[in-house]
K.L.:
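Before we start, here is the structure in question, set down as C-alpha coordinates.
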Protein chains: 2
Amino acid sequence: MTEDRQSKPAAAGPLPEINTGALPKVIGYMLRLSQLLVYQAFQRAVNDETIRPPQFSILEIISCNPGVRPSDVAASIGVSRANLVPLLAELEKSGFLVRGSDRKDGRAQALHLTPAGEAQLTRLHEVVARLEDRLAEYLGPGGRETLLRLLHDLNTGAAKA
Amino acid sequence: MTEDRQSKPAAAGPLPEINTGALPKVIGYMLRLSQLLVYQAFQRAVNDETIRPPQFSILEIISCNPGVRPSDVAASIGVSRANLVPLLAELEKSGFLVRGSDRKDGRAQALHLTPAGEAQLTRLHEVVARLEDRLAEYLGPGGRETLLRLLHDLNTGAAKA
DNA sequence: TATTGTTATACTCTATAACTATA
DNA sequence: TATAGTTATAGAGTATAACAATA
(Lines give C-alpha, C1' and ligand atoms only; values in the text may rest on other atoms or scores of the structure.)
Protein backbone atom coordinates (compact mmCIF):
# COMPACT_ATOMS: atom_id res chain seq x y z
CA MET A 1 0.00 0.00 0.00
CA THR A 2 1.77 3.13 -1.18
CA GLU A 3 -0.92 5.49 0.12
CA ASP A 4 0.81 8.63 -1.16
CA ARG A 5 -1.65 11.16 0.29
CA GLN A 6 -0.52 13.76 -2.23
CA SER A 7 -2.53 15.90 -4.61
CA LYS A 8 -3.78 18.17 -1.87
CA PRO A 9 -7.22 19.76 -2.48
CA ALA A 10 -5.69 22.85 -4.04
CA ALA A 11 -5.29 24.76 -0.80
CA ALA A 12 -4.56 27.88 -2.84
CA GLY A 13 -2.70 30.99 -1.82
CA PRO A 14 0.61 32.32 -3.05
CA LEU A 15 3.60 30.70 -1.40
CA PRO A 16 6.03 33.10 0.22
CA GLU A 17 8.88 32.10 -2.10
CA ILE A 18 6.89 32.62 -5.29
CA ASN A 19 6.49 36.05 -6.83
CA THR A 20 2.93 36.38 -8.04
CA GLY A 21 3.72 39.56 -9.93
CA ALA A 22 0.70 41.70 -10.76
CA LEU A 23 -1.82 39.02 -9.77
CA PRO A 24 -2.54 40.33 -6.24
CA LYS A 25 -3.65 43.56 -7.91
CA VAL A 26 -6.03 41.75 -10.27
CA ILE A 27 -9.57 41.71 -8.91
CA GLY A 28 -10.53 38.49 -10.69
CA TYR A 29 -7.54 36.59 -9.30
CA MET A 30 -8.22 37.71 -5.74
CA LEU A 31 -11.93 36.93 -6.11
CA ARG A 32 -11.08 33.40 -7.20
CA LEU A 33 -8.75 32.74 -4.26
CA SER A 34 -11.29 34.17 -1.83
CA GLN A 35 -14.20 32.21 -3.23
CA LEU A 36 -12.16 29.00 -3.11
CA LEU A 37 -11.33 29.48 0.56
CA VAL A 38 -14.83 30.58 1.58
CA TYR A 39 -16.43 27.63 -0.23
CA GLN A 40 -14.09 25.22 1.51
CA ALA A 41 -14.88 26.85 4.84
CA PHE A 42 -18.62 26.52 4.07
CA GLN A 43 -18.27 22.83 3.35
CA ARG A 44 -16.34 22.19 6.57
CA ALA A 45 -18.87 24.20 8.60
CA VAL A 46 -21.97 22.56 7.12
CA ASN A 47 -20.44 19.09 7.27
CA ASP A 48 -22.91 17.61 4.76
CA GLU A 49 -21.73 16.63 1.28
CA THR A 50 -25.20 17.08 -0.20
CA ILE A 51 -25.55 20.70 0.94
CA ARG A 52 -23.30 22.92 -1.14
CA PRO A 53 -23.58 26.69 -1.51
CA PRO A 54 -26.07 26.51 -4.41
CA GLN A 55 -28.39 24.29 -2.36
CA PHE A 56 -28.35 26.83 0.46
CA SER A 57 -29.13 29.64 -1.98
CA ILE A 58 -32.01 27.70 -3.53
CA LEU A 59 -33.60 26.95 -0.17
CA GLU A 60 -33.26 30.59 0.89
CA ILE A 61 -34.84 31.91 -2.28
CA ILE A 62 -37.78 29.51 -2.17
CA SER A 63 -38.34 30.28 1.50
CA CYS A 64 -38.40 34.03 0.81
CA ASN A 65 -40.53 33.63 -2.33
CA PRO A 66 -43.10 30.90 -1.79
CA GLY A 67 -44.46 29.65 -5.10
CA VAL A 68 -41.46 30.96 -7.05
CA ARG A 69 -40.77 29.41 -10.46
CA PRO A 70 -37.59 27.42 -11.24
CA SER A 71 -36.69 29.89 -13.97
CA ASP A 72 -36.48 32.77 -11.53
CA VAL A 73 -34.53 30.71 -9.02
CA ALA A 74 -32.02 29.85 -11.71
CA ALA A 75 -31.55 33.47 -12.74
CA SER A 76 -31.12 34.55 -9.13
CA ILE A 77 -28.22 32.26 -8.37
CA GLY A 78 -26.48 32.44 -11.75
CA VAL A 79 -27.29 28.91 -12.94
CA SER A 80 -28.97 28.00 -16.22
CA ARG A 81 -32.47 26.55 -16.14
CA ALA A 82 -31.16 23.30 -17.56
CA ASN A 83 -28.55 22.93 -14.84
CA LEU A 84 -31.02 23.74 -12.08
CA VAL A 85 -33.09 20.64 -12.87
CA PRO A 86 -30.88 18.07 -11.09
CA LEU A 87 -30.41 20.40 -8.12
CA LEU A 88 -34.16 20.73 -7.60
CA ALA A 89 -34.64 17.01 -8.10
CA GLU A 90 -32.08 16.27 -5.39
CA LEU A 91 -33.67 18.70 -2.93
CA GLU A 92 -37.09 17.26 -3.67
CA LYS A 93 -35.79 13.74 -3.12
CA SER A 94 -34.36 14.88 0.23
CA GLY A 95 -37.84 16.06 1.16
CA PHE A 96 -36.89 19.72 1.41
CA LEU A 97 -39.22 21.08 -1.27
CA VAL A 98 -42.35 20.29 -3.26
CA ARG A 99 -43.32 21.28 -6.78
CA GLY A 100 -46.84 22.59 -7.14
CA SER A 101 -48.44 23.96 -10.25
CA ASP A 102 -48.89 27.60 -11.06
CA ARG A 103 -52.56 28.56 -11.33
CA LYS A 104 -51.86 31.40 -13.71
CA ASP A 105 -49.38 29.69 -16.01
CA GLY A 106 -49.80 26.05 -16.93
CA ARG A 107 -46.19 25.79 -18.02
CA ALA A 108 -44.69 26.89 -14.73
CA GLN A 109 -44.16 25.16 -11.41
CA ALA A 110 -44.69 26.73 -8.00
CA LEU A 111 -41.92 25.79 -5.56
CA HIS A 112 -42.49 25.58 -1.80
CA LEU A 113 -40.32 24.40 1.09
CA THR A 114 -41.55 21.57 3.30
CA PRO A 115 -41.27 21.86 7.09
CA ALA A 116 -38.13 19.74 6.79
CA GLY A 117 -36.79 22.18 4.25
CA GLU A 118 -37.49 25.14 6.51
CA ALA A 119 -35.81 23.34 9.40
CA GLN A 120 -32.73 22.61 7.30
CA LEU A 121 -32.62 26.24 6.21
CA THR A 122 -32.81 27.42 9.81
CA ARG A 123 -29.88 25.20 10.70
CA LEU A 124 -27.92 26.49 7.71
CA HIS A 125 -28.59 30.08 8.74
CA GLU A 126 -26.98 29.39 12.11
CA VAL A 127 -23.96 27.65 10.58
CA VAL A 128 -23.46 30.40 8.01
CA ALA A 129 -23.83 33.15 10.62
CA ARG A 130 -21.01 31.63 12.69
CA LEU A 131 -18.84 31.23 9.61
CA GLU A 132 -19.43 34.81 8.50
CA ASP A 133 -18.61 36.12 11.96
CA ARG A 134 -15.29 34.31 11.83
CA LEU A 135 -14.51 35.71 8.38
CA ALA A 136 -15.46 39.19 9.63
CA GLU A 137 -12.71 38.96 12.23
CA TYR A 138 -10.14 38.87 9.44
CA LEU A 139 -11.63 41.96 7.81
CA GLY A 140 -11.31 44.40 10.69
CA PRO A 141 -13.93 46.85 12.00
CA GLY A 142 -16.53 47.62 9.37
CA GLY A 143 -14.69 45.41 6.91
CA ARG A 144 -17.56 43.03 6.31
CA GLU A 145 -20.02 45.81 5.50
CA THR A 146 -17.51 47.53 3.24
CA LEU A 147 -16.72 44.30 1.39
CA LEU A 148 -20.40 43.51 0.85
CA ARG A 149 -21.05 47.02 -0.44
CA LEU A 150 -18.11 46.89 -2.85
CA LEU A 151 -19.15 43.47 -4.17
CA HIS A 152 -22.71 44.76 -4.61
CA ASP A 153 -21.46 47.78 -6.56
CA LEU A 154 -19.26 45.53 -8.67
CA ASN A 155 -22.17 43.20 -9.43
CA THR A 156 -24.66 45.88 -10.36
CA GLY A 157 -22.06 47.72 -12.44
CA ALA A 158 -20.71 44.71 -14.27
CA ALA A 159 -24.17 43.28 -14.88
CA LYS A 160 -25.15 46.31 -16.93
CA ALA A 161 -22.02 46.20 -19.07
CA MET B 1 -34.88 24.63 -37.50
CA THR B 2 -36.27 25.64 -34.12
CA GLU B 3 -33.12 27.48 -33.01
CA ASP B 4 -34.49 28.33 -29.56
CA ARG B 5 -31.50 30.36 -28.35
CA GLN B 6 -32.54 29.83 -24.76
CA SER B 7 -30.54 28.57 -21.81
CA LYS B 8 -28.73 31.86 -21.41
CA PRO B 9 -25.16 31.61 -20.04
CA ALA B 10 -26.33 32.07 -16.49
CA ALA B 11 -26.13 35.84 -16.55
CA ALA B 12 -26.51 35.84 -12.78
CA GLY B 13 -27.79 38.60 -10.53
CA PRO B 14 -30.95 38.74 -8.48
CA LEU B 15 -33.97 39.81 -10.46
CA PRO B 16 -35.78 42.85 -9.09
CA GLU B 17 -38.98 40.87 -8.49
CA ILE B 18 -37.23 38.12 -6.54
CA ASN B 19 -36.46 38.50 -2.85
CA THR B 20 -33.01 37.01 -2.24
CA GLY B 21 -33.46 37.19 1.53
CA ALA B 22 -30.23 37.05 3.51
CA LEU B 23 -28.09 36.11 0.51
CA PRO B 24 -26.85 39.64 -0.28
CA LYS B 25 -25.37 39.67 3.23
CA VAL B 26 -23.55 36.37 2.70
CA ILE B 27 -19.95 36.91 1.64
CA GLY B 28 -19.69 33.62 -0.24
CA TYR B 29 -22.83 34.33 -2.31
CA MET B 30 -21.65 37.80 -3.28
CA LEU B 31 -18.17 36.46 -4.09
CA ARG B 32 -19.68 33.91 -6.42
CA LEU B 33 -21.81 36.44 -8.32
CA SER B 34 -18.85 38.80 -8.60
CA GLN B 35 -16.45 36.15 -9.79
CA LEU B 36 -18.96 34.95 -12.38
CA LEU B 37 -19.37 38.43 -13.83
CA VAL B 38 -15.67 39.28 -13.75
CA TYR B 39 -14.73 36.00 -15.44
CA GLN B 40 -17.27 36.61 -18.19
CA ALA B 41 -15.95 40.14 -18.62
CA PHE B 42 -12.41 38.73 -18.85
CA GLN B 43 -13.43 36.29 -21.57
CA ARG B 44 -15.14 39.00 -23.60
CA ALA B 45 -12.16 41.33 -23.22
CA VAL B 46 -9.51 38.74 -24.14
CA ASN B 47 -11.61 37.35 -26.98
CA ASP B 48 -9.65 34.06 -27.15
CA GLU B 49 -11.26 30.84 -26.02
CA THR B 50 -7.92 29.23 -25.19
CA ILE B 51 -6.86 31.98 -22.77
CA ARG B 52 -8.86 31.71 -19.59
CA PRO B 53 -8.02 33.28 -16.24
CA PRO B 54 -5.87 30.31 -15.10
CA GLN B 55 -3.78 30.55 -18.28
CA PHE B 56 -3.15 34.22 -17.61
CA SER B 57 -2.11 33.48 -14.04
CA ILE B 58 0.25 30.71 -15.15
CA LEU B 59 1.98 32.93 -17.71
CA GLU B 60 2.35 35.72 -15.17
CA ILE B 61 3.87 33.46 -12.53
CA ILE B 62 6.34 31.86 -14.93
CA SER B 63 7.33 35.28 -16.26
CA CYS B 64 7.98 36.59 -12.74
CA ASN B 65 9.72 33.38 -11.63
CA PRO B 66 11.85 32.04 -14.49
CA GLY B 67 12.66 28.38 -13.96
CA VAL B 68 9.80 27.90 -11.50
CA ARG B 69 8.55 24.34 -10.95
CA PRO B 70 5.03 23.19 -11.89
CA SER B 71 4.33 22.27 -8.27
CA ASP B 72 4.82 25.84 -7.11
CA VAL B 73 2.77 27.23 -9.97
CA ALA B 74 -0.08 24.90 -9.02
CA ALA B 75 0.00 25.96 -5.37
CA SER B 76 0.05 29.63 -6.31
CA ILE B 77 -3.13 29.56 -8.36
CA GLY B 78 -5.08 27.07 -6.27
CA VAL B 79 -4.97 24.15 -8.69
CA SER B 80 -3.75 20.65 -7.90
CA ARG B 81 -0.54 19.42 -9.51
CA ALA B 82 -2.51 16.79 -11.41
CA ASN B 83 -4.90 19.33 -12.86
CA LEU B 84 -2.12 21.66 -13.88
CA VAL B 85 -0.69 19.09 -16.31
CA PRO B 86 -3.16 19.63 -19.19
CA LEU B 87 -2.98 23.41 -18.73
CA LEU B 88 0.81 23.41 -19.10
CA ALA B 89 0.60 21.01 -22.03
CA GLU B 90 -1.82 23.34 -23.81
CA LEU B 91 0.38 26.39 -23.23
CA GLU B 92 3.44 24.46 -24.40
CA LYS B 93 1.58 23.36 -27.53
CA SER B 94 0.67 26.99 -28.20
CA GLY B 95 4.37 27.81 -28.05
CA PHE B 96 4.09 30.05 -24.98
CA LEU B 97 6.38 28.10 -22.66
CA VAL B 98 9.15 25.50 -22.61
CA ARG B 99 9.95 22.89 -20.01
CA GLY B 100 13.63 22.69 -19.10
CA SER B 101 15.18 20.50 -16.46
CA ASP B 102 16.19 21.63 -13.01
CA ARG B 103 19.96 21.30 -12.47
CA LYS B 104 19.60 20.82 -8.75
CA ASP B 105 16.69 18.38 -8.73
CA GLY B 106 16.39 15.74 -11.39
CA ARG B 107 12.71 15.24 -10.63
CA ALA B 108 11.69 18.81 -11.24
CA GLN B 109 11.09 20.82 -14.38
CA ALA B 110 12.15 24.43 -14.91
CA LEU B 111 9.48 26.45 -16.70
CA HIS B 112 10.33 29.41 -18.92
CA LEU B 113 8.25 31.60 -21.22
CA THR B 114 9.15 31.81 -24.87
CA PRO B 115 9.26 35.22 -26.61
CA ALA B 116 5.78 34.40 -27.92
CA GLY B 117 4.67 33.71 -24.37
CA GLU B 118 6.07 37.03 -23.14
CA ALA B 119 4.35 38.82 -26.03
CA GLN B 120 1.04 37.15 -25.22
CA LEU B 121 1.45 38.11 -21.57
CA THR B 122 2.16 41.72 -22.48
CA ARG B 123 -1.02 41.82 -24.54
CA LEU B 124 -2.99 40.27 -21.69
CA HIS B 125 -1.62 42.86 -19.26
CA GLU B 126 -3.04 45.60 -21.45
CA VAL B 127 -6.41 43.91 -21.81
CA VAL B 128 -6.66 43.24 -18.09
CA ALA B 129 -5.61 46.77 -17.17
CA ARG B 130 -8.44 48.21 -19.27
CA LEU B 131 -10.91 45.75 -17.77
CA GLU B 132 -9.82 46.52 -14.22
CA ASP B 133 -10.09 50.26 -14.84
CA ARG B 134 -13.66 49.79 -15.98
CA LEU B 135 -14.50 47.70 -12.92
CA ALA B 136 -12.88 50.35 -10.72
CA GLU B 137 -15.38 52.88 -12.02
CA TYR B 138 -18.17 50.90 -10.39
CA LEU B 139 -16.34 50.84 -7.06
CA GLY B 140 -15.98 54.57 -6.48
CA PRO B 141 -12.91 56.48 -5.32
CA GLY B 142 -10.44 54.23 -3.54
CA GLY B 143 -12.84 51.34 -3.97
CA ARG B 144 -10.47 49.13 -5.92
CA GLU B 145 -7.69 49.46 -3.37
CA THR B 146 -10.08 48.82 -0.50
CA LEU B 147 -11.55 45.76 -2.21
CA LEU B 148 -8.12 44.30 -2.93
CA ARG B 149 -7.01 44.87 0.66
CA LEU B 150 -10.15 43.24 2.08
CA LEU B 151 -9.81 40.23 -0.21
CA HIS B 152 -6.16 39.93 0.78
CA ASP B 153 -7.05 40.01 4.47
CA LEU B 154 -9.79 37.45 3.87
CA ASN B 155 -7.39 35.14 2.05
CA THR B 156 -4.59 35.30 4.56
CA GLY B 157 -7.02 34.92 7.44
CA ALA B 158 -9.01 32.05 5.99
CA ALA B 159 -5.90 30.25 4.77
CA LYS B 160 -4.66 29.87 8.34
CA ALA B 161 -7.96 28.51 9.65
C1' DT C 1 -43.70 32.86 -32.00
C1' DA C 2 -42.05 32.81 -27.38
C1' DT C 3 -41.51 30.69 -22.81
C1' DT C 4 -41.23 26.78 -19.11
C1' DG C 5 -39.42 22.72 -17.71
C1' DT C 6 -36.82 19.12 -19.39
C1' DT C 7 -33.41 15.91 -21.72
C1' DA C 8 -29.13 15.17 -23.81
C1' DT C 9 -24.51 16.19 -24.70
C1' DA C 10 -19.96 18.03 -24.35
C1' DC C 11 -16.49 20.27 -22.20
C1' DT C 12 -14.28 22.27 -18.19
C1' DC C 13 -13.11 21.99 -13.46
C1' DT C 14 -12.11 19.55 -9.32
C1' DA C 15 -10.75 15.66 -6.40
C1' DT C 16 -8.37 11.41 -5.51
C1' DA C 17 -5.48 7.47 -5.98
C1' DA C 18 -1.62 5.43 -7.88
C1' DC C 19 2.49 5.01 -10.90
C1' DT C 20 7.71 6.37 -12.23
C1' DA C 21 11.75 8.47 -11.34
C1' DT C 22 14.27 10.77 -8.57
C1' DA C 23 15.80 12.28 -3.82
C1' DT D 1 10.35 7.34 3.00
C1' DA D 2 9.22 11.35 0.69
C1' DT D 3 8.67 14.39 -3.35
C1' DA D 4 7.92 15.89 -8.59
C1' DG D 5 5.55 15.04 -12.60
C1' DT D 6 2.24 12.23 -14.58
C1' DT D 7 -1.79 9.21 -15.63
C1' DA D 8 -6.38 7.77 -14.95
C1' DT D 9 -10.83 8.34 -13.33
C1' DA D 10 -14.86 9.98 -11.22
C1' DG D 11 -17.67 13.66 -10.00
C1' DA D 12 -19.25 18.44 -10.15
C1' DG D 13 -19.99 22.61 -12.74
C1' DT D 14 -21.10 24.93 -17.01
C1' DA D 15 -22.71 25.74 -21.80
C1' DT D 16 -25.64 24.68 -25.71
C1' DA D 17 -29.18 22.66 -28.55
C1' DA D 18 -33.43 20.71 -28.91
C1' DC D 19 -38.13 18.95 -27.55
C1' DA D 20 -43.25 18.88 -25.59
C1' DA D 21 -46.56 21.56 -23.38
C1' DT D 22 -48.32 25.93 -22.81
C1' DA D 23 -48.85 30.83 -23.61
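Heavy-atom basis, side chains included; hydrogens, waters and symmetry copies ignored. Letters A, B, ... mirror the listed sequences (proteins, then strands); counts begin at 1.
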K.L.:
Taking CG from A:D102 and C1' from D:dA23, how many angstroms apart are they, rounded to a whole number?
P.N.:
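Taking atom C1' of D:dA23 as the reference, CG of A:D102 is at 12 Å.
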K.L.:
Does OP1 or OP2 of C:dG5 have a side-chain N or O of A:S71 closer than 4.0 Å?
P.N.:
yes
K.L.:
Over how many whole Å does the gap from B:D72 atom CG to D:dA4 atom P extend?
P.N.:
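Atom CG in B:D72 sits about 8 Å away from atom P in D:dA4.
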K.L.:
If each of A:A108 and B:N83 is mapped to the nucleotide of DNA chain C with the nearest heavy atom, which maps nearer the 5' terminus, i.e. the 5' end?
P.N.:
A:A108
K.L.:
When you check the gap from the basic side-chain N to the acidic O, do A:R107 and A:D105 get nearer than 4.0 Å?
P.N.:
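Yes.
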K.L.:
What is the separation between atom CG on A:L84 and atom P on C:dT4, rounded to the nearest whole Å?
P.N.:
13 Å
K.L.:
Can you tell me if B:T146 uses its side chain to pair, donor with acceptor, with the backbone of B:G142 under 3.5 Å?
P.N.:
yes
K.L.:
Between A:P54 and B:V85, name the one whose nearest nucleotide on DNA chain D is closer to the 5' end.
P.N.:
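Looking at DNA chain D, the more 5' nearest nucleotide goes with B:V85.
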K.L.:
Indicate whether OP1 or OP2 belonging to C:dT4 is found under 4.0 Å from a side-chain N or O atom of A:R69.
P.N.:
yes
K.L.:
Check whether any side-chain nitrogen or oxygen of B:R81 sits under 4.0 Å from OP1 or OP2 of C:dA17, and answer yes or no.
P.N.:
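It does not, given that no N or O in the side chain of B:R81 lies less than 4.0 Å from OP1 or OP2 of C:dA17.
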K.L.:
More than 12 foreign heavy atoms under 6.0 Å from NE2 of B:H125: is that the case here?
P.N.:
yes
K.L.:
Which pair of non-hydrogen atoms, one from A:M30 and one from A:L23, has the smallest distance, and what is that distance?
P.N.:
CG-O, 4.3 Å
K.L.:
Which of the following nucleotides, C:dG5, C:dT6, C:dT14, is nearest to the side chain of A:R32?
P.N.:
C:dT14
K.L.:
Whole-Å distance between C:dT12 P and B:Q43 CD?
P.N.:
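Rounded to the whole Å, the gap is 12 Å.
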K.L.:
Side chain of A:R52, heavy atoms from C-beta onward: which of D:dG13, D:dG5, C:dC13 has the nearest atom to it?
P.N.:
D:dG13
K.L.:
Check the distance between C:dT4's C1' and A:Q109's CD and give it to me in whole angstrom.
P.N.:
9 Å
K.L.:
Given atom OH of B:Y39 and atom C1' of D:dG13, what is their separation to the nearest angstrom?
P.N.:
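Whole-Å distance recorded here is 14 Å.
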K.L.:
Atom CG of A:L88 and atom C1' of C:dT7: how far apart are they, to the nearest Å?
P.N.:
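Atom-to-atom, A:L88 to C:dT7, this comes out as 15 Å.
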K.L.:
Over how many whole Å does the gap from A:E49 atom CD to D:dA12 atom P extend?
P.N.:
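Roughly 8 Å, once rounded to whole Å.
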K.L.:
Does A:S80 have a side-chain nitrogen or oxygen under 4.0 Å from the phosphate oxygens OP1 or OP2 of D:dT16?
P.N.:
no
K.L.:
Do B:I58 and B:I77 come within less than 4.5 Å of each other through their side chains, counting heavy atoms only?
P.N.:
yes
K.L.:
Can you check nucleotides 21-23 of chain C for protein contacts, nitrogen or oxygen pairs under 3.5 Å, and list what you find?
P.N.:
residue	atom	partner	partner atom	Å
C:dA23	OP1	B:G106	N	2.8

K.L.:
Is there a donor-acceptor contact under 3.5 Å from the side chain of B:E118 to the main chain of B:L113?
P.N.:
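Checking the backbone N and O of B:L113 against the side chain of B:E118, no donor-acceptor pair under 3.5 Å is found.
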K.L.:
Strictly by modelled atom types, are A:R32 and A:Q35 linked by a side-chain donor-acceptor pair under 3.5 Å?
P.N.:
no
